[in-house]
Amino acid sequence: MTKQYVTTAIDYPNAAPHMGHVLEKVLADVCVRWMRLKGDDVRFQIGTDEHGIKIQQTAAKEKLTPKELVDRNVPLFQDLYARLGISADLFIRTSDRCKHWPTVMELWKRLQEEKMLEKRTYTGLYCSGCERFLTKKDLVDGNCDVHQRAPEEVREENYFFLLSKETAWLKKLLKKEYKIVPTFRENETLALLEQGCEDVSFSRPKSSLSWGIPVPDDPNQVMYVWCDALTNYISGLGYFTDHEMKQWWEDATVTHVIGKDIARFHALIWPAMLKHAGVRSPDRLLIHGFLTSEGEKMSKSLGNVVKPENVLAHFAGNPDPLRFYLSHEVPVGNDGDFSWKRIDELYIGVLSNKIGNLLNRVLVLLRKEGNEISVPVDASFSQLLKDHWPRYTESMDAFDFSTALTDHVVALAMAGNVKMEEKKPWTLTGTERAEVLGGIGEVLRHISLLLLPFMPETAQKISLQLGVPYAGKMLEKSFVITDEMKTWGGEKGWKAVSEPVILFPQLEKPENAALSPPRRAGHLSP
RNA sequence: CGCGGGGUGGAGCAGCCCGGUAGCUCGCAAGGCUCAUAACCUUGAGGUCGCAGGUUCAAAUCCUGCCCCCGCAACCA
């Protein structure tokens, strides 16, 4: 059995979660669910990165301690992910002193023993108004744009991680063991390596950063984000502490799902850190793009930040339309766009009118036959399915979710509707009628399985309504799609369907929606 | 010359690696059907494939140059 360890980046909880956070968790969850359905043994970890100056500043602004701030915000992430059906096995918090801190400190010590950390003096432009270092980008005519005054040059001590030593090793690693998906990101990273790596600042003086993990044996220094945050991937497994889950790193295929902004840290710093801590490198880095909102970069100043809870509310708490949208619209690798118009179009045009409606029309007709369903015989569909499964599998394994959904799931639903039109079962009687309806029912059974990684709840509802014997078990982590299930007519014990229930109810009519602003108010107000 | 992604009918995309009647979804128009969630099906209109050169019997597809949009450029998912 293949072991898989999948992680996402850990989120920064200085504010409520937004669509960008959700995109990553949904993509990772689809991967993970697909792995489980194939029969892989999977562990899936998500979490929060809770230290740093921004948390410190936000907390001060809100008159809270950093700890109070994160304890207030972290549940927002946890609740949201639970409502979205993110099937994580562990939610790790970097403020966790039992599991996380000891691992990080041990890792630091190992890097020090390996002479990979060096204390240096760093000189930067510090604005006392912002209480932080500014980059050249922040300056307008040499002044801090916020406080309209020149920053002062400040020198401070930092530990540096000597990443520059590892350039050659990293090149080899990235060409062989550590695979970056998609390929153009790999090329980008290799091109970057050609310029050579620079050493990375790994700590701050306690005076400028107090909210973080202390540097061992140096009371005046606190760890900066990289050593702290990246280490979550192994601290959550009990590395250097109880060692309990270590096999999930050592014997599994390790996949990190992250955004393009932090690609270089995961591609370069992280494996170099692990190397000097005596831990093997991860296997795969899956880099997704960002979400724009209504075609523009999502930002607070533009006021187009989409709140996930508004999307959930729009669909009466059902997470599946959003999960479908994100997997369907955002190809792994490139950027995608979130648009209210588009998500409604997909909901109405695809989920409701194609898939939901097909299920309903079949069930309504079967009800008139006492809900009995007979073994399907339609040879054309049998052949179609034989073709769809391997191609769907290929797309899923390549993280091409958009193709998996459009070319296979949606295409099948459309084929089902065409078949209805062609055979007109409502005009038939007896065996003829039963055979046609049995065939379309069987197509829906396959659609339900194909949808399972993307829309687990919906997939199960379809199978439950169809009365498929295994339907009740579909949401269990141990549920595996067997060859029999993939075979046309492969579910022998299937005898009767249940009552039809509308899967995707109609939304407000567009003209009414235009008259009632509340739906859009959420993302238009700052 | 910092790096990368993209420019295909009204909208969103596929095709480009491995040249050969330009495809899909939505929208629009007409027709059909009535089992179904004002759903479903069929047909049609609409494109000089960013621009300019080149290679070739033949280029959206290969080569060269240019223009435009977007993202990243080290700590903002």
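Residue numbering restarts at 1 for every chain, and letters A, B, ... go by the order of the sequence lines. Because the structure is predicted, anything quoted here is derived from the model rather than measured. These values consider heavy atoms only, across backbone and side chains, with no hydrogens, waters or symmetry-generated copies.
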Worksheet item: NA contact type, A:L291, heavy-atom cut-off 4.0 Å: base, sugar-phosphate, or nothing?
Response: base
Worksheet entry | pair A:L111-A:F161: side-chain heavy atoms closer than 4.5 Å | yes
Worksheet item: Under 3.5 Å, is there an N or O donor on one side and an acceptor on the other linking the side chain of A:Y12 and the base of B:C76?
Response: no
Item to complete: Assign A:N357 to base, sugar-phosphate, or nothing according to its heavy-atom contacts below 4.0 angstrom with the strands shown.
Response: base
Practice prompt. Determine the interatomic distance between C1' on B:G12 and the same-named atom on B:C17; round to the nearest Å.
Written response: 24 Å
Worksheet, complete the sentence: note: A:R361, atom CZ; B:C33, atom P; distance rounded to Å ~ 15 Å
Worksheet item: Going by the angle between their ring planes, with limits at 30° and 60°, are A:Y233 and A:H266 parallel, tilted or perpendicular?
Response: tilted
Practice prompt. State the pairing partner of B:C51; accept Watson-Crick or G-U wobble contacts with both distances under 3.5 Å, and report none otherwise.
Written response: B:G65
Worksheet item: Partner of B:U43 by Watson-Crick or G-U wobble geometry, both contacts under 3.5 Å, or none?
Response: B:A29
Worksheet item: Are A:K354 and B:C40 close enough that a side-chain N or O sits under 4.0 Å from OP1 or OP2?
Response: yes
Worksheet item: In terms of the angle between their ring planes, are A:H288 and A:F290 parallel, tilted or perpendicular, with boundaries placed at 30° and 60°?
Response: tilted
Worksheet item: Out of B:A38, B:C26, B:C40, which has the shortest distance to the side chain of A:E345?
Response: B:C26
Worksheet entry | Nucleotide nearest A:N417 (side chain, heavy atoms from C-beta), chosen from B:C40, B:A77, B:C33 | B:C40
Worksheet item: What is the nucleic acid contact for A:V225, judged by heavy atoms within less than 4.0 Å: base, sugar-phosphate only, or nothing?
Response: base
Practice prompt. Remember a base hit wins even if backbone is also touched, and classify A:K260 as base, sugar-phosphate or nothing at under 4.0 Å, heavy atoms.
Written response: sugar-phosphate
Worksheet item: Mapping A:L23 and A:S352 onto RNA chain B by nearest heavy atom, which one lands closer to the 5' end?
Response: A:S352
Practice prompt. May I ask you to decide if the ring planes of A:W226 and A:F265 are parallel, tilted or perpendicular, using 30° and 60° as cut-offs?
Written response: parallel
Worksheet item: Sub-3.5 Å donor-acceptor pair from the side chain of A:S395 to the main-chain atoms of A:T403, do we have one?
Response: no
Please list every donor-acceptor pair under 3.5 Å in which a side-chain atom of residues 74-81 of chain A meets a protein atom from a residue at least two apart or in another chain.
residue	atom	partner	partner atom	Å
A:Y81	OH	A:D11	OD2	2.6

Worksheet item: Rounded to whole angstrom units, what separation is found between the CZ atom of A:F265 and the P atom of B:A73?
Response: 8 Å
Practice prompt. Select base, sugar-phosphate, or nothing to describe what A:G356 touches, counting heavy atoms under 4.0 Å on all strands.
Written response: base
Response to the item:
Partner of B:C35 under the Watson-Crick or G-U wobble criteria, both distances under 3.5 Å, comes out as none
Worksheet item: Any salt bridge between A:D335 and A:K260, counting N to O under 4.0 Å?
Response: yes
Worksheet item: If you look at every strand shown and take non-hydrogen atoms under 4.0 Å, does A:E329 touch a base, only sugar-phosphate, or nothing?
Response: nothing
Discussion item. Closest-nucleotide mapping onto RNA chain B: is A:C197 or A:G259 further toward the 5' terminus? I mean the 5' end.
Written reply: A:C197
Practice prompt. Grab the CG-P distance between A:D199 and B:C75 for me, whole Å please.
Written response: 16 Å
Discussion item. Can you identify which nucleotide, out of B:C35, B:U25, B:A36, has its nearest atom closest to the A:M414 side chain?
Written reply: B:U25
Fill in: Distance in angstrom units between A:F202 CZ and B:A74 C1', rounded
13 Å
Could you go through nucleotides 3-8 of chain B and list every protein N or O atom that sits under 3.5 Å from one of its N or O atoms, giving the distance for each pair?
residue	atom	partner	partner atom	Å
B:G4	O2'	A:E188	OE1	3.3
B:G5	O2'	A:N334	OD1	3.4

Response to the item:
Sorted by chain and residue number, the salt bridge (Lys or Arg N to Asp or Glu O under 4.0 Å) partners of A:D387 (sequence neighbours excluded) come out as A:R391
Discussion item. Please pick, from B:C75, B:A77, B:U25, the nucleotide with the shortest atom-to-atom distance to any side-chain atom of A:H18.
Written reply: B:A77
Discussion item. Measure CG/A:N353 against C1'/B:A38 and give the value in whole Å, please.
Written reply: 10 Å
Discussion item. Within the 4.0 Å heavy-atom criterion, would you say A:L358 contacts the bases, only the backbone, or no part of the nucleic acid?
Written reply: nothing
